[in-house]
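Remarks on the structure that follows.
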Amino acid sequence: MIPVFSILCIVLAIAVGYFRRVNIGTVSIAFAFLIGHFLANPRIPAGRIVEGWPLGLFFMLLGMTLLFGIARVNGTLGLIAARIVDATRGRTRLIPPAFFLMSGVLAALGAGNIAVCALVLPIAMTIAEEYRISPLLMATMTIA
């Protein structure tokens with residue numbers, strides 16, 4: 001019963017996030033808390049459920065996403081991408097490997113691959129369209 005209810009809550013969280021323009025992750029965390037506290041085992045106190053949440057990882061990902069989000073908004077990532085394209089000197093076949101290296105360096109700096117993909121992929125797709133590079137190739141090189 002609980003697994004079926006969990007899947008229904010995921011679908012509901014996506015619907016709420018889509019129609020109400022609310023962060024789906026926040027809604028999902030709320031549903032997970034409610035399921036864990038009220039359905040899975042009502043005798044487990046709320047504090048014990050929260051203890052299972054990896055706070056260190058959460059704050060590291062939050063901080064890195066914020067840092068790279070600022071870098072994206074203020075144009076730093078776009079400038080880096082433009083410099084990388086300029087460094088290829090018109091050889092479009094070198095642009096995807098250059099994005100591969102840029103993503104690797106940014107991920108190694110601490111953001112991790114998920115945050116880097118979320119921030120770099122829109123820039124990579126724009127450049128892929130501008131230089132008529134396969135979007136699949138560019139996405140693969142940026143994600144890898």
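Bear in mind the structure is a predicted one, so any value in this text is a computation, not a measurement.
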Do the side chains of [X] and [Y] join up, straight or via other hydrophobic residues, at under 4.5 Å, putting them in one cluster?
X	Y	result
Met125	Leu79	no
Val27	Ile10	no
Leu34	Ile14	no
Ile29	Leu62	yes

Looking only at heavy atoms, what is the nearest atom pair of Val116 and Ala107, with distance?
-> CG2-N, 3.5 Å
What are the two closest heavy atoms between Ser28 and Ala13, and how far apart are they?
-> OG-CB, 3.6 Å
Between atom [atom1] of [X] and atom [atom2] of [Y], what is the distance when rounded to the nearest 0.5 Å?
X	Y	atom1	atom2	value
Thr126	Leu121	OG1	CG	10.5 Å
Ile95	Arg93	CD1	CZ	11.0 Å
Leu94	Leu101	CG	CG	10.5 Å

Neighbour count >12 (heavy atoms, 6.0 Å) for atom CZ, Phe31 =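 For Phe31, atom CZ is crowded (more than 12 foreign heavy atoms under 6.0 Å).
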What do the steps show when you test Leu66 against Ile70 for side-chain contact (heavy atoms from CB on, under 4.5 Å), and what is the final call?
-> CA-CA 6 Å; Leu66 179 63; Ile70 291 169; 4.2 Å; yes
Which residues, ordered by chain and number, are linked to Leu8 in its hydrophobic cluster, where ILVMFWY side chains connect at heavy-atom gaps below 4.5 Å, directly or through other members?
-> Val4
Donor-acceptor contacts, no H, no angles, side chain residues 130-144, under 3.5 Å, sequence neighbours left out:
from   : atom 1 : to     : atom 2 : distance (Å)
Ser134 : OG     : Leu136 : N      : 3.4
Ser134 : OG     : Leu137 : N      : 3.3
Thr140 : OG1    : Leu136 : O      : 2.7
Thr142 : OG1    : Met138 : O      : 2.8

Only counting residues at least two apart or in another chain, list the ones meeting side-chain hydrogen bond (donor to acceptor under 3.5 Å, both in side chains) with Asn74.
->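 For Asn74 the side-chain hydrogen bond (donor to acceptor under 3.5 Å, both in side chains) partners, ignoring immediate neighbours, are Thr76.
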